[in-house]
Amino acid sequence: MTEEIIIAGFGGQGVLSMGKIMAYSGVMQDMEVSWMPSYGPEMRGGTANVTVIISSERISSPIIKHFDTGIILNQQSLDKFEDSIKPGGVLIYDSNGITRHPERKDITIYRVDAAEEAGKMNSPKVFNMIVLGGFLKVKPIIRMENVVKGLKKSLPERYHNLIPMNETALQRGMEIIVPVA
Amino acid sequence: MEKELRLMKGNEAVAEAAIRTGADGYFGYPITPQSEILEYLMEADPYHTTGMVVLQAESEVAAINMVYGGAACGKKVMTTSSSPGISLKQEGITYIAGAELPCLIVNVVRGGPGLGTIQPAQSDYFQATKGGGHGDYHLIVLAPASVQEMADFVELGFDLAFKYRNPVMMLSDGAIGQMMEKVWLSPQKERSKTVPAWATTGKPATRDRIIITSLDLDPNGQERFNQKLVAKYNEIREKEVRYEEFQCEDAEYILVAYGTSARVCMKSIQLARAQGIKVGLLRPITLFPFPTKRLNELAGKVKMMVSVEMSAGQMVEDVMLSVNGKVPVYHFGRMGGIVTEPEEVVDFLKSKI
Amino acid sequence: MAQATGIKEIIKPENLVYRKTKVMTDNILSYCPGCGHGTAHRILAEIIDEEGLQSETIGISPVGCSVLLYEFIDIDWQEAAHGRAPALATAIKRLLPDKFVFTYQGDGDLAAIGTAETIHTCNRGENILIIFINNGIYGMTGGQMAPTTLPGMKSSTSPYGRDVKLMGNPLKMTDIVATLPGTYYVTRQSVHTPVNVRKTKKAIRKAVHYQKLNKGTCFIEIVSNCPSGWKMTPVEANKWMEANMFPFYPLGDLKVPAEENAQKTTNSEKND
Ligand SMILES: Cc1ncc(C[n+]2csc(CCOP(=O)(O)OP(=O)(O)O)c2C)c(N)n1
Ligand code: SF4
Ligand SMILES: [Mg+2]
């Protein structure tokens, strides 16, 4: 099993930390993982993306052009990465702020309105956990217990009191993700 | 004691491994994409646990000369930087090589020349493997291709540096520095309580004074010293070559690549083999000494070799020298901070078959 | 309709109160919100424009957040290696003595790696202007400690606060160069309020004037902010700067030309 994922959005959306939690969850499940961020001056311009690979085998290139799953959180990233998803792959996006929705017919598209949901939950910080929940519903490659372990590993100890809230957010994400016909 | 599993950036792994291997001192100056090393060490504050000194210098020039001073005291000292900063260190490095001192220098390479980009590149190969500064000397050059190797080569680097009294360079790049992977960390080692006999420690009545210098005003003396260095480098060539072969057994074509490019090529090989092209990878782990012998042997069995590097073609010269005309050798790779894509390598290979 | 006519009536040349300086390019500034670099660029461009220097100027941009300064001001530029701008400026001014030559450097660039060039350029009294943006941190590389970082101040390489016993004391380069005979005019200013902007602009204009008269090195420090590196909002950053940076780096002239001093004395004698 190898899952090649791109997560892309604005810097403040927790793109990199979502990737890190995903990667740590993979580690907890005894998988090989790699987490490769975009780095450099463009981060100041506000966009951020990270490639996460989770695999049962040794990972070859951490930098790739085609992805099994794209998790896309803003319009710029959708424009940039929609074509990078492998035929038959999955695109998950949050429709908040999206003016041109994804158009590809050869992939499966899901919408997870996580920004809206985070607003309802009154905690914008869990936005990325809602998205991650949605991803895990569609691609159950990591068991929930390992995701929670991964969360614990990637959060500094002083934030461990927030873990139950993050679990709730993961659950919400699983509930609200919908396929786009 | 058991090893500890962590998910870390390559840069962080270097820093943590330095503490755990019992390094005595780190001297650095911020530069992207490796500033995390200094930042990690400042946060970890090993001075209060192992006694390891960590200092932010006023420049790379100062940092490498701090390394010079510390190394001459027999201490396990290191510095890290990225390409423009490594250029500044070259003067210090040639003095360290000329004084036969051990130390570890990490270059997390970015695109050049000049200020260039901050993205990953492999364009400092010549500088690392051919000396880099003035005079006849070599560094031992290790090329990590994973976060695990970023950690492991800190210890290996210090071991080789002390074994041969020679500076060791870890030639990494922005991709390996910035990415996170699993890494198994060795347990904490104690810092050494003793120093080698050649170190300046203050002269007791029982021994002659020790002078650390690279100066010899007598050309005959200097030549004798140069010959001694040559003998050392030949011994290193004999004993310290390290490489990894990947699917070379039945290969008709060989990709030669180190670091990030080697990882890219592993993917290219998957893709090419799916199309029925029998291709393998030779990944040099030591760039000096270079796996010349093995490449020459392989050249007798394959039809072509491609040196895949994120540069205008530097290692390709060493591949050509190794192959010595037996088969065609090409270079392929992106530049300027762009990482070569696995598909591009396959396309290039197909264009040459 | 009435409204549209209203706007048309307002947009007339005689009603213009503010516009982009001609000498600024159309490129969008790459700075974080609230960063002082943009303001400093703007007044520098205004002076170049107002003094008619566009075709007479060669600027040297540093390695730091303002590395792309050459994208923003429409003059000829040279981009130096980290810290070496004064060396480039020295050669430029000596080879093209009629040109207006200035460097624009951050505190890491000027006061850490470039200390030797800064001091020796000032000591030789090179007839150039050095503009020194002191924000107490390495902005570009992500907020590491600079030689100017205040005691106790946190940065990514002094995460527990700058410990002066281990990391040294903040370096007041402006005070140091003021002691050198080669410097002619040395001042410390800021650009965080309109009043301060006007003062800094006046200082730059003076430096241009002195350079025309071949008087020696003019050195203008601008104490500035780095909201991103300091991890503050722009408003917090400016408040923090006033409360912490200014007491340590007091604003005002450190060295004024002898003639000006003399003039001041005669003026005050007249008043007596
Ligand atoms: C030789 C060399 N060393 C290090 C760097 C990395 N570097 C780029 S900018 C910078 C410091 C910038 O700080 P400062 O001069 O204070 O400017 P600011 O960004 O704060 O305006 C450093 C260390 C480099 N580019 N070249
Ligand atoms: S990092 Fe600091 S100095 Fe650089 S642009 Fe942002 S606020 Fe300005
Ligand atoms: Mg600064």
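The chains referred to below are lettered A, B, ... by the order of the sequence lines, with proteins before strands, and numbering in each begins at 1.
Both the backbone and the side chain of B/L5 come within less than 4.5 Å of a heavy atom in chain A. Only the side chain of A/K153 has a heavy atom closer than 4.5 Å to any heavy atom of chain B. With a threshold of 4.5 angstrom between heavy atoms, A/I53 does not approach chain B through any atom at all. Contact of A/M31 with chain B is made through the backbone alone, with heavy-atom distances under 4.5 Å.
Ranked by heavy-atom pairs under 4.5 Å with chain A, the list B/A175, B/P342, B/S146 is led by B/A175. Heavy-atom pairs under 4.5 Å with chain A were tallied for B/M180, B/M266, B/K267, B/E341; the largest tally goes to B/M180.
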side-chain hydrogen bond (donor to acceptor under 3.5 Å, both in side chains) between B/Q122 and B/S261: does it pass, once the steps are laid out?
CA-CA 9 Å; B/Q122 296 182 312; B/S261 288; 2.7 Å; yes
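Shown here is A/K80, whose NZ atom has no more than 12 heavy atoms of other residues, nucleotides or ligands within 6.0 Å.
B/V339 and B/P120 get closest at one heavy-atom pair: CG2-CG, 3.7 Å.
Using cut-offs of 30° and 60° for the angle between ring planes, the B/Y330 and B/F348 rings count as perpendicular.
A donor-acceptor pair under 3.5 Å links the side-chain atoms of A/D94 to the main chain of A/A115, judged by distance alone.
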